[in-house]
> 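One structure is given below, represented as structure tokens, and several questions about it will come after.
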Amino acid sequence: MIEPTRVTIAETETIEEAFRRLNANMLGILFAQDASGRIVGAVTDGDIRRRMLTGTTIQDRVATCINRNFVWARTGGPREQILKLLDQRVHVVPILDGEGRLVDVFSRELFNLSEESEVFARARSPVRISFSGGGTDLTHYFVANDGGAVINATIKMYAHATLRRRSDARIRIYSHDFRRTVEADDLAELGTGGDLALIKSVVRLIKPTYGFELEVSADFPVGSGLGGSAVVSSAIIGCFNEFRSDQWDRHEVAEMAFQAERLMLNIPGGWQDQYATVFGGFNHMEFFSDQNTIVPLRLDPNIIAELEESLVLCYTGSGRDSGAIHRDQKAQHETSGAVAAAAKQKEVTRDIRRHLLRGQLLECGRLIDEAWHAKRKLSSKISTDAIDAVYDFAKQHGAVGGKLLGAGGGGYFMFFVRPFERYQLIAALEQQGHNCSRIMFEENGLRTWKSRFPARFA
């Protein structure tokens, strides 16, 4: 940065002093100040010499030589504006504040870059709805039964995470949904259980070598059946990934989210949630003992738009323990009824994929109904009398088919409805006290980026 005193001169100074300062700063220009310190004009070697040809002497005041119609730029203005001035008109541009006082000087050789800003990592990860196959993505099932298969899609409902690196080892984690804060002097002190156990598990898996501040929030309630735990985990992993030079790929992020929840916390569940939120869009997924295959479904945009108009989300208002349901499912998975129901799920999944790709959505609605009845046979804990009553009520008021999302026991229902019957179904469900909403599909999965701010948040 050029010191302002090198390029300024009082308009009451002599021309002789101006020559001395011009020789010293090597820029060929000075900026004249009035008595209050405001810049009132520019003075160059050429300006002075032209005045001296008319009889001005070196003992006269600088004010006699000032060019008051000079080029300048306001502080905080666009950088490109200054570059354009330097490119076409002048060699030096003074930067003035709102009162006309000199703040900085830019030239063709000297252009001060802004100070390094604080960097935050952000992530947004979408939830998923599943059309068919839930339960066949459980490891104990697909290892014993020649694979599992599901079809799902992500929707515009997200978990959000923001991460800031600290210069020390301290850790601060805040969950807006649970309104809980966890603080520790370092990673070793963070611990494992207690409040925000899932977030702690993800952090312990990543093992960051720096302190940090992390905030997490979600657009959906706990126990919604939308794969929320995997979504939160993925968003957190995505934030830390932004600070890596060798970033994890999508498969690695999904597998890390699975490990943090399923293995480190020992919460039973399937594989589809982690892959769905990281990859995004419509996917047909197959699970085998040696590999997982994620195949995107390329649906025509009109098919997607029609599907959005044909689906209704209905919140039952009750959370559930998905781990307990999956444990019961595991206990029953070798019974003849459960084996047949899982096989039916896989068959329906293949059929839904075919009809989706062809835009035969009414058939998809009917198959979703078949998938729900098959899924109910996997465990007695998947449905209840109250949930069955909601489903039967929806079918009586226009729903072609539907299913409870997630493991079961509560959370969101997804209903398929014909044109002209959508709003009567919504009205009927809302009269029963259920909250209904539209579905908007999200083609992107986990998104991460960095944000710059000129100063820390208070």
Side-chain angles (χ1 to χ4, degrees), residues 1-122 162 164-167 242-243 245 449-458:
M1 178 176 177
I2 299 175
E3 286 293 330
T5 55
R6 286 182 56 199
V7 293
T8 58
I9 189 169
E11 61 179 341
T12 56
E13 285 280 2
T14 64
I15 291 174
E16 181 179 13
E17 176 62 17
F19 271 132
R20 189 187 67 77
R21 296 194 188 186
L22 285 169
N23 289 334
N25 72 25
M26 303 297 290
L27 292 173
I29 192 168
L30 294 170
F31 300 101
Q33 295 174 309
D34 64 14
S36 64
R38 291 189 295 268
I39 302 299
V40 294
V43 181
T44 66
D45 183 274
D47 293 328
I48 295 173
R49 292 183 187 279
R50 280 190 291 272
R51 290 296 296 174
M52 291 183 71
L53 289 175
T54 64
T56 300
T57 70
I58 61 172
Q59 296 305 317
D60 288 327
R61 292 190 306 168
V62 168
T64 62
C65 304
I66 292 175
N67 173 14
R68 299 182 185 275
N69 185 26
F70 67 107
V71 174
W72 59 281
R74 187 178 297 277
T75 182
R79 181 181 297 270
E80 64 266 27
Q81 177 191 17
I82 302 171
L83 293 174
K84 290 168 185 174
L85 292 173
L86 292 170
D87 186 42
Q88 64 175 333
R89 298 179 60 185
V90 295
H91 295 279
V92 179
V93 176
I95 310 300
L96 309 183
D97 64 18
E99 296 181 350
R101 292 183 172 85
L102 187 68
V103 175
D104 205 346
V105 176
F106 289 164
S107 73
R108 295 189 177 192
E109 291 77 29
L110 297 170
F111 204 107
N112 297 325
L113 299 175
S114 57
E115 294 183 5
E116 187 172 355
S117 300
E118 189 169 21
V119 176
F120 294 77
R122 290 193 187 273
T162 301
R164 184 182 76 86
R165 292 178 61 161
R166 294 178 59 100
S167 58
E242 273 295 305
F243 286 117
S245 56
W449 65 95
K450 286 192 179 77
S451 294
R452 295 193 307 167
F453 292 90
R456 276 192 57 190
F457 288 140

> Could you report the tightest heavy-atom contact between D97 and T75, atom names first, then the distance?
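Of all heavy-atom pairs spanning D97 and T75, the closest is CA-CG2, 3.8 Å.
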
> Identify the heavy atoms of F70 and I39 that sit nearest to each other, and give their distance.
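It is CZ-CG2, 3.8 Å.
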
> Search all heavy atoms of R6 against all heavy atoms of A24 and return the closest pair with its distance.
NH2-O, 4.4 Å

> So, taking the atom named CD1 in I66 and the one named CZ in F31, what distance separates them when rounded to the nearest 0.5 Å?
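So the gap between those two atoms works out to 12.0 Å.
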
> Distance from L27 atom CG to D45 atom CG, nearest 0.5 Å?
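One finds 12.5 Å between CG of L27 and CG of D45.
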
> More than 12 heavy atoms of other residues, nucleotides or ligands under 6.0 Å from CZ of R101: is that the case?
yes

> How many angstroms lie between CD1 in I9 and CG in N25, if you round to the nearest 0.5 Å?
10.0 Å

> Please determine whether salt bridge (charged side-chain N to carboxylate O under 4.0 Å, His left out) holds for the pair E242 and R165, giving the CA-CA distance in whole Å, both sets of side-chain angles, and the decisive distance to 0.1 Å.
CA-CA 11 Å; E242 273 295 305; R165 292 178 61 161; over 6 Å; no

> Can you tell me how far OG1 of T44 sits from CG of L22, rounded to the nearest 0.5 angstrom?
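One gets 8.0 Å once the value is rounded to the nearest 0.5 Å.
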
> Any sub-3.5 Å donor-acceptor pair from R21's side-chain atoms to T8's backbone N or O?
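The answer is yes, because a donor-acceptor pair under 3.5 Å joins these two groups.
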
> Donor-acceptor pair, R122 side chain versus S451 backbone, under 3.5 Å?
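Absent.
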
> Going through the distances and angles, do I58 and F19 end up as a side-chain contact (heavy atoms from CB on, under 4.5 Å)?
CA-CA 9 Å; I58 61 172; F19 271 132; 4.3 Å; yes

> Would you name the heavy atoms of T14 and V62 that are closest together and state the gap between them?
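Nearest heavy atoms, T14 then V62: O-CG2, 3.4 Å.
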
> Nearest heavy-atom pair of R68 and E11: which atoms, and what distance?
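Here R68 and E11 meet closest at NH2-OE1, 3.5 Å.
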
> Answer whether the closest heavy-atom distance between the side chains of V7 and L102 falls below 4.5 Å.
yes

> Please report the shortest heavy-atom distance between A42 and I29, naming the atom on each side.
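That would be CB-CD1, 4.0 Å.
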
> Heavy-atom count around N23 CG within 6.0 Å, excluding the residue itself: above 12?
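Counting neighbours around CG of N23, more than 12 heavy atoms of other residues, nucleotides or ligands fall under 6.0 Å, so yes.
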
> Measuring from atom CD1 of I82 to atom NZ of K84, what distance do you get when rounded to the nearest 0.5 angstrom?
11.5 Å

> Taking it one step at a time, do N67 and V43 satisfy side-chain contact (heavy atoms from CB on, under 4.5 Å)?
CA-CA 6 Å; N67 173 14; V43 181; over 6 Å; no

> For the CZ atom of F106 and the CG atom of L86, what is their distance to the nearest 0.5 Å?
9.0 Å

> Within the 4.5 Å heavy-atom criterion, are L96 and P94 side-chain neighbours or not?
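Yes; the side chains approach each other to less than 4.5 Å.
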
